[in-house]
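Just so we're clear, the structure is a prediction, and the values are computed from it rather than from any experiment.
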Amino acid sequence: KPKVNPIKNNNSASKVPVPKVKKDLPEKIVVPQVISMSENEIELYEELRKKTKDKYGPSAPLVAIGKLRQFCAHPSIIKEMLNQNFILETEKYLRLTEILEEIVSEKQKAIVFTCYNAMSDLLNQHIPEKFGIPCGQINGKTPVGKRQNIVDDFSEISGSALLVLNPRAAGAGINITAANHVIHYNLEWNPAVEDQATARTYRLGQSHPVVV
């Protein structure tokens with residue numbers, strides 16, 4: 001079996017071993033990741049919060065929750081941030097690339113879940129350039145009839161590859177046991193959605209330990 005190292009992170013909690021669901025399934029390891037914003041990100045975050053408050057008044061909290069949640073994925077996916085001179089490598093994006101670097105070095109495959117199509121597009125554009133690996137994506141824009149073909153192509157790739165998925169478009173009914181790393185790039189309101197998405201890899205047919 002390939003070597004799998006739980007991802008290191010000085011800011012993370014200890015890895016959480018998860019009991020096996022079935023005796024014939026390998027180990028599943030959940031590694032919580034705590035990411036702190038840079039000073040520049042904090043300033044932009046606060047600026048966005050104040051602008052939203054001034055613009056929407058009493059409705060600001062509900063609007064802000066959505067916008068700030070997107071910001072935490074990546075500032076570039078919010079139209080209010082388009083004119084800002086931010087860098088691509090935000091703290092969260094940098095942590096993602098560190099994790100992927102370890103995965104690629106082991107010649108293994110990973111799935112990244114994000115509910116934002118713009119974030120999916122960003123990853124699909126930049127990750128292949130950075131690591132020289134194939135990258136596919138499935139989200140709400142992907143025709144249903146083509147989704148299984150994308151998964152099949154991903155599974156047949158020899159060596160490392162990345163698949164960026166929307167947990168609601170590809171979080172059920174698809175088997176992706178070719179990947180043994182799962183990254184939830186932005187958390188869902190309902191943890192059950194994440195569990196269901198993780199189950200795309202951690203199911204019968206998986207022969208390697210799965211790191212989430």
Side-chain angles (χ1 to χ4, degrees), residues 1-9 11-35 92 95-115 119-120 123-124 127 131 133-140 142 144-212:
K1 294 181 180 179
K3 178 182 176 183
V4 175
N5 294 321
I7 306 303
K8 297 178 181 179
N9 183 0
N11 294 325
S12 71
S14 300
K15 66 177 182 178
V16 181
V18 179
K20 294 180 181 180
V21 178
K22 293 182 180 294
K23 291 182 179 180
D24 51 356
L25 282 178
E27 183 181 15
K28 179 170 70 172
I29 302 170
V30 177
V31 188
Q33 301 285 283
V34 180
I35 309 296
K92 190 171 189 176
R95 183 64 193 131
L96 172 68
T97 59
E98 289 173 355
I99 294 172
L100 290 176
E101 186 172 5
E102 286 197 39
I103 294 169
V104 171
S105 71
E106 296 288 344
K107 295 181 171 55
Q108 297 178 10
K109 295 179 181 178
I111 294 173
V112 174
F113 284 102
T114 176
C115 62
M119 190 67 224
S120 177
L123 294 174
N124 195 54
I127 294 301
F131 293 103
I133 62 173
C135 181
Q137 62 183 147
I138 298 175
N139 52 42
T142 309
V144 175
K146 293 184 177 181
R147 295 178 185 181
Q148 187 59 53
N149 291 337
I150 294 172
V151 172
D152 291 343
D153 291 343
F154 172 79
S155 300
E156 292 173 2
I157 293 170
S158 176
S160 294
L162 180 68
L163 197 54
V164 185
L165 306 178
N166 182 305
R168 299 188 183 278
I174 296 179
N175 297 336
I176 319 177
T177 53
N180 63 309
H181 294 269
V182 178
I183 301 168
H184 293 284
Y185 190 78
N186 59 267
L187 301 182
E188 294 295 317
W189 294 111
N190 183 356
V193 174
E194 294 173 14
D195 293 340
Q196 189 177 54
T198 297
R200 299 311 95 214
T201 64
Y202 192 65
R203 61 195 305 109
L204 291 176
Q206 179 58 261
S207 57
H208 305 308
V210 173
V211 181
V212 184

Novice: Distance-only, no hydrogens or angles: does the R203 side chain make a donor-acceptor pair with backbone N or O of N175 under 3.5 Å?
Specialist: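 Side chain of R203 to backbone of N175, a donor-acceptor pair under 3.5 Å: no, none is there.
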
Novice: Which heavy atom of H184 sits nearest a heavy atom of E194, and at what distance?
Specialist: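 Nearest pair, atom of H184 first, then E194: CE1-O, 3.4 Å.
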
Novice: When you look at CD of E101, are more than 12 heavy atoms from neighbouring residues, nucleotides or ligands closer to it than 6.0 Å?
Specialist: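 Counting neighbours around CD of E101, 12 or fewer heavy atoms of other residues, nucleotides or ligands fall under 6.0 Å, so no.
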
Novice: What distance separates I150 CD1 from S155 OG, expressed to the nearest 0.5 Å?
Specialist: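 Nearest 0.5 Å value for the CD1-OG distance: 11.5 Å.
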
Novice: Do N186 and C115 have side chains that get closer than 4.5 Å, going by heavy atoms?
Specialist: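 They are in contact (side-chain heavy atoms under 4.5 Å apart), so the answer is yes.
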
Novice: Could you tell me whether the side chain of T198 reaches within less than 4.5 Å of the side chain of K28, counting heavy atoms only?
Specialist: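 Heavy-atom side-chain distance check passes, below 4.5 Å.
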
Novice: To the nearest 0.5 Å, what is the distance between CG on D195 and OH on Y202?
Specialist: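 D195 atom CG to Y202 atom OH measures 12.5 Å (nearest 0.5 Å).
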
Novice: Checking the side chain of K146 only, and the main-chain atoms of I138 only, is there a donor and an acceptor separated by less than 3.5 Å?
Specialist: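 Absent.
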
Novice: Carefully, step by step, assess K109 and L163 under the rule side-chain contact (heavy atoms from CB on, under 4.5 Å).
Specialist: CA-CA 8 Å; K109 295 179 181 178; L163 197 54; over 6 Å; no

Novice: Just by distance, do the side chain of Q206 and the backbone of A179 share a donor-acceptor pair under 3.5 Å?
Specialist: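 Here the side-chain-to-backbone pair exists.
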
Novice: For residues I103 and L162, determine if any side-chain heavy atom of one lies less than 4.5 Å from a side-chain heavy atom of the other.
Specialist: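 In short, these two side chains do not touch, never coming nearer than 4.5 Å.
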
Novice: With V211, which of Q108, H181, E27 fulfils side-chain contact (heavy atoms from CB on, under 4.5 Å)?
Specialist: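 The option that passes is H181.
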
Novice: Flag the pair I133 / L100 as yes when at least one side-chain heavy-atom distance between them is below 4.5 Å, and no otherwise.
Specialist: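 Heavy-atom side-chain distance check fails, nothing below 4.5 Å.
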
Novice: Measuring from atom OG of S105 to atom CZ of F131, what distance do you get when rounded to the nearest 0.5 angstrom?
Specialist: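 Between atom OG of S105 and atom CZ of F131 there are 10.0 Å.
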
Novice: With a 4.5 Å cut-off on side-chain heavy atoms, are I99 and Q33 touching?
Specialist: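 Side chain of Q33 against side chain of I99, heavy atoms only: contact under 4.5 Å found.
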
Novice: I want to check something: taking the side chain as every heavy atom from C-beta on, are I127 and V164 in contact at a cut-off of under 4.5 Å?
Specialist: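 No; the side chains remain at least 4.5 Å from each other.
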
Novice: Out of curiosity, F154 CZ to L165 CG, how far, rounded to the nearest 0.5 Å?
Specialist: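 Nearest 0.5 Å value for the CZ-CG distance: 8.0 Å.
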
Novice: With distance as the sole test, does R147 use its side chain to make a donor-acceptor pair with the main-chain N or O of A169 at under 3.5 Å?
Specialist: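 The answer is yes, because a donor-acceptor pair under 3.5 Å joins these two groups.
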
Novice: Nearest 0.5 Å, what's the CD1-CD1 distance between I111 and I176?
Specialist: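 Between atom CD1 of I111 and atom CD1 of I176 there are 4.0 Å.
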
Novice: Hey, are the side chains of P167 and Q196 touching, using non-hydrogen atoms and a 4.5 Å cut-off?
Specialist: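 No, their side chains stay 4.5 Å or more apart.
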
Novice: Give me the atom names and distance for the closest heavy-atom approach of N166 to F113.
Specialist: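 Shortest heavy-atom separation between N166 and F113 comes out as C-CD2, 4.3 Å.
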
Novice: Between atom OG1 of T142 and atom CG of N139, what is the distance when rounded to the nearest 0.5 Å?
Specialist: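 So the OG1 of T142 and the CG of N139 are separated by 4.5 Å.
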
